[in-house]
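Shown next, in structure tokens, is the structure this report addresses.
Atoms within each ligand, like the ligands themselves, are counted from 1 in listed order.
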Amino acid sequence: MKVLKFGGTSVGSVDSIKTVIEILENNLANGEQVAVVFSAMGGVTNRLIEIGKMAAAGNAEYIEFLKVVEERHFAVVRGMINVKNQSGTFAAVRGLFNELGDILRGVSWIKELSERTLDLIMSFGERLSTLVITEILKSKGISAEFCDARNIIHTNATYGMGDVDFEVTNKQILEYFAKTNALQCVTGFIASTADGVTTTLGRGGSDYTASIIAAAVDASVIEIWTDVDGMMTADPRKVANAFTIPSISYAEAMELSHFGAKVIYPPSLQPAFAKNITLKVLNTFNTDFIGTFVQKTANKKDYAITGISSIDEIALVNIQGSGMIGVAGISGRLFTALSLNDISVILISQASSEHSICFSIDPKNAQKAREVLEKEFSHEITLGYIDGISIEKSLSIIAIVGEGMKKSTGVSGKLFSVLGKNGINVVATAQGSSELNISVVISKSDLSKALNSIHGVFFQSETRSLNLFIVGVGLIGGTLLEQVKNQTTYLREEKLLNLNIAGLSNTKKMLLDPDGIGSEQWRERVNEEGVKTSLPAFVQRMIELNLPNSVFVDCTSDKDIVQYYNMLLDASISVVTPNKVANSGSYAEYISLQRTALKRGVKFLYETNVGAGLPIINTIQGLMASGDKFLKIEAILSGTLSFIFNSFGPGVRFVDVVKEAKAKGFTEPDPRDDLSGADVARKILILAREVGVPLESSDVRVAQLLPENCLAAATVEDFFQELIISDDYFAKLQSDAEANGEKLRYIATLENGKAFVELRTVDAQHPFYTLSGSDNIISFTTERYKDRPLVIKGPGAGAEVTASGVFADIMSISSYLG
Ligand SMILES: NC(=O)c1ccc[n+]([C@@H]2O[C@H](COP(=O)([O-])OP(=O)(O)OC[C@H]3O[C@@H](n4cnc5c(N)ncnc54)[C@H](O)[C@@H]3O)[C@@H](O)[C@H]2O)c1
Ligand SMILES: N[C@@H](CCO)C(=O)O
Ligand code: NA
């Protein structure tokens with residue numbers, strides 16, 4: 001025999017009932033006897049409880065509510081049975097509603113709703129749905145019979161959750177099914193006491209009915225038909241990437257019951273599990289889908305774990321004290337006291353020091369637990385053997401579950417490492433020696449981030465996601481977005497990396513969307529959906545969103561923005577930036593950013609601070625890490641000045657070359673920063689710091705190349721005017737150099753702990769002589785590169801090369817995430 005069970009949504013509407021009939025017809029076609037268990041129509045049980053409470057409260061409106069429930073059943077009859085044959089079914093349904101109406105009237109008179117009466121009221125949900133469907137089946141010529149489970153399943157008189165008397169029940173079921181070959185339509189959820197009082201089976205009740213029957217008759221299989229595709233790797237409401245688990249063991253299903261409850265409530269399937277009966281979880285609304293098979297032993301898995309379960313809200317109780325060490329009986333008394341007070345313990349952890357025991361409970365029991373334990377241990381507390389009871393709230397539990405972790409290494413390592421990398425603090429942990437489940441207690445505010453990042457490493461290890469928050473969409477930011485757009489498909493397909501643009505801000509508007517703004521239509525979306533830009537609000541929202549693998553990308557030259565870097569890093573958000581302001585501010589700030597990033601295990605990357613995309617910072621960091629010592633750095637670090645001195649000459653105005661550099665995207669947003677030497681000064685300052693020389697910006701000596709009048713210009717426009725006025729000055733600099741067969745080069749030097757920048761002329765022998773375009777050149781003399789320096793040369797400014805340097809920093813974070 002086969003046992004099928006259909007849940008509330010499956011029997012909730014005419015359309016879904018049509019599918020149910022088809023499924024039953026298919027099952028009957030292969031000859032095996034079938035019992036089918038039905039839940040009440042979706043929502044009806046809750047409605048009946050509500051109606052019962054209204055009646056008990058003397059609220060006559062319950063009558064109207066009851067009418068609505070009645071009409072729902074009539075509508076199904078009308079929709080499924082042809083007019084000629086409807087009357088019998090209508091009469092039967094009406095009969096049940098009359099009976100229910102009488103009971104409710106009684107409740108409204110005596111204004112009392114006992115658990116016992118509530119069970120009776122609820123029983124109508126299953127009795128009605130099952131009656132209606134039986135009649136529909138019969139009207140289709142199927143030999144179906146209504147089976148009132150109260151006649152075969154007996155419980156004690158614990159209302160709300162009857163305790164099944166299996167001896168009697170199994171016997172009755174066997175006798176009942178021995179007598180019939182017809183399709184048996186069984187009311188789920190309900191039972192009765194030996195003397196015929198209606199009871200219910202509690203949580204997962206209809207599954208329990210199916211399981212009890214299947215176990216009694218030794219069914220070949222149980223099919224639980226529901227409205228989802230089976231048991232999933234995680235709660236799909238919390239983890240968008242969750243997917244159906246094709247095969248799962250009984251033990252794993254039990255471990256996952258917390259979130260799986262909506263699909264099946266495994267404890268209610270225990271009788272079937274005990275008989276080794278295979279369970280299939282199938283979707284009435286997607287009948288072709290394979291669903292989940294639940295069996296004693298699951299098929300071999302593709303992943304190290306089977307699923308992730310969570311409990312949203314728990315309280316963690318800690319009891320500690322020197323008087324607990326080596327003393328037997330403390331935990332016995334502790335848990336006995338809790339159990340005597342009906343406080344269920346969810347997770348327990350005690351370290352081998354025996355100095356403390358912590359356990360988690362439902363927060364609604366927290367106060368009671370405190371009182372119970374303070375009473376139980378009042379003597380020890382008074383004597384100071386136990387310090388007291390502390391309770392922490394707003395916590396969640398996440399458990400990874402799977403038989404695959406048994407005796408295999410690296411699973412817990414992976415779990416804790418992904419939590420660590422995402423800045424999620426683990427408050428407590430528990431793992432039993434069955435190695436089926438590792439549970440961690442974390443702050444509730446980290447729950448979604450933790451679930452998604454854990455799901456990511458265990459189930460989507462192939463596809464990783466980075467959440468980008470980009471501020472400043474000018475030249476570099478805009479080019480970066482263009483590059484991201486062009487690479488999205490390649491990265492997804494070839495590198496299994498999903499770049500999700502979760503936030504964007506320009507100076508006017510900002511938009512944050514954890515689901516992704518999209519690299520195609522970001523401009524339109526920020527314009528249309530964006531709100532007024534507010535940097536503090538942007539940062540706050542980012543931190544609140546708490547998305548895994550978040551990266552803040554600052555593509556501005558804003559001075560104020562850098563005050564947020566520390567806060568972001570501290571919130572475990574990596575920072576990538578071409579903006580030099582932070583690293584060229586005070587040395588204390590520079591160091592503090594490095595430290596915070598290190599402490600939080602996130603990245604602060606700024607390769608494009610110097611030489612745009614050229615690998616300068618990375619090279620230095622590599623050499624420093626491997627123990628090299630820097631003796632001297634000599635460099636041309638301004639793409640703008642390089643371009644200017646390579647393009648300026650007879651027949652061209654200096655100002656036009658500067659304007660061309662700006663048009664080519666080489667200059668700073670304010671070109672005076674380039675020509676004043678300020679930009680070069682901060683770059684050599686950053687390099688000095690990178691090689692371990694703790695300079696302040698005032699320590700960098702800058703020899704001006706601009707005449708006074710240009711330096712004094714108040715605006716960029718004025719500045720260009722002054723450049724025109726000074727054209728002869730620049731022309732002379734250039735021609736003097738050329739007369740000597742030399743070239744003008746603005747060179748930064750770091751030597752003996754001193755940094756300076758100055759305009760120099762170099763002859764053809766000098767390695768910097770042959771530079772062209774906007775090239776930068778950096779020559780490192782180190783202990784290892786002493787005889788011939790290490791030289792890096794290439795375009796050191798411009799949109800494409802800078803944006804790609806920023807992109808490369810972002811990519812390096814993705815590889816670190818593993
Ligand atoms: N251009 C290059 O070759 C180059 C090379 C290396 C580094 N950089 C650095 O890159 C950064 C960006 O340079 P760019 O050339 O793209 O300049 P840009 O002026 O074209 O872009 C900066 C953008 O940031 C916006 N912005 C400024 N403050 C903002 C804020 N608080 N919130 C939101 N948006 C804000 C501006 O409106 C502008 O659109 C600068 O720090 C620069 O030093 C540039
Ligand atoms: N304005 C800068 C951009 C690169 O930092 C330059 O010209 O070098
Ligand atoms: Na660089």
Side-chain angles (χ1 to χ4, degrees), residues 469-482 503-511 523 526 530 532-539 552-564 576-584 605-621 635-645 658 661-684 686-687 690 716 746 748 757 773-778 792-809:
F469 295 84
I470 304 174
V471 175
V473 284
L475 185 66
I476 305 302
T479 309
L480 173 67
L481 281 160
E482 190 63 24
L504 277 182
S505 174
N506 59 36
T507 38
K508 295 197 183 69
K509 285 192 164 178
M510 63 178 197
L511 176 66
R523 227 177 267 279
V526 172
K532 194 170 177 298
T533 292
S534 151
L535 207 47
F538 188 93
V539 168
F552 180 75
V553 188
D554 170 15
C555 288
T556 73
S557 55
D558 194 335
K559 293 187 176 47
D560 296 328
I561 204 165
V562 300
Q563 64 179 303
Y564 297 102
V576 170
T577 187
N579 184 351
K580 297 148 217 164
V581 172
N583 284 326
S584 56
L605 299 179
Y606 43 86
E607 176 58 84
T608 49
N609 273 193
V610 183
L614 296 178
I616 295 171
I617 308 275
N618 278 313
T619 304
I620 294 181
Q621 290 179 346
I636 288 175
L637 296 175
S638 171
T640 302
L641 294 178
S642 199
F643 176 79
I644 290 172
F645 293 127
V658 176
K662 183 163 168 54
K664 286 188 142 58
F666 301 148
T667 68
E668 287 307 291
D670 182 341
R672 289 174 295 178
D673 288 339
D674 296 292
L675 280 106
S676 68
D679 187 63
V680 174
R682 58 188 181 178
K683 286 171 178 164
I684 194 71
I686 295 169
L687 295 188
E690 289 295 312
V716 176
Y746 199 61
V757 290
S774 64
D775 278 5
N776 281 196
I777 186 163
I778 294 93
I792 299 168
K793 181 179 128 175
E800 288 294 339
V801 294
T802 307
S804 73
V806 175
F807 204 165
D809 276 349

Distance to 0.1 Å, residue and atom name: give those for the protein heavy atom nearest to atom 8 (O) of ligand 2. Gly639 N, 2.7 Å
Where the closest heavy atom to atom 33 (C) of ligand 1 is concerned, which of Asn506, Leu535, Val801 has it? Asn506
Taking only heavy atoms of Thr608, which atoms of ligand 1 are found under 4.0 Å from at least one of them? 6 (C), 7 (C)
Specify the protein heavy atom at minimum distance from atom 2 (C) of ligand 2: its residue, its atom name, and the distance to 0.1 Å. Glu668 OE2, 3.1 Å
Would Val471 count as a contact of ligand 1 if the rule is a heavy atom under 4.0 Å away? yes
Atom 7 (O) of ligand 2: the protein heavy-atom neighbour that sits closest, reported with distance to 0.1 Å: Thr640 OG1, 2.5 Å
If we only consider heavy atoms of Ala612, is any one of them less than 4.0 Å away from an atom in ligand 2? no
State the atoms of ligand 1, each with its element, that fall below the 4.0 Å cut-off from a heavy-atom position in Pro669. 17 (O), 19 (O)
Would you mind running through ligand 1 and noting each atom that sits below 4.0 Å from a heavy atom of Gly474? 20 (O), 21 (O), 23 (C), 39 (O)
Within the 4.0 Å heavy-atom cut-off, what Thr507 brings close to ligand 1 is both
Is the shortest distance from a heavy atom of Thr802 to ligand 2 less than 4.0 Å? no
Can you check which of Glu668, Lys683, Lys662 brings a heavy atom nearest to atom 43 (O) of ligand 1? Glu668
Can you check which of Asp554, Thr556, Asn579, Leu480 brings a heavy atom nearest to atom 11 (C) of ligand 1? Thr556
Can you list the ligand 1 atoms lying under 4.0 Å from a non-hydrogen atom of Gly798? 2 (C), 3 (O)
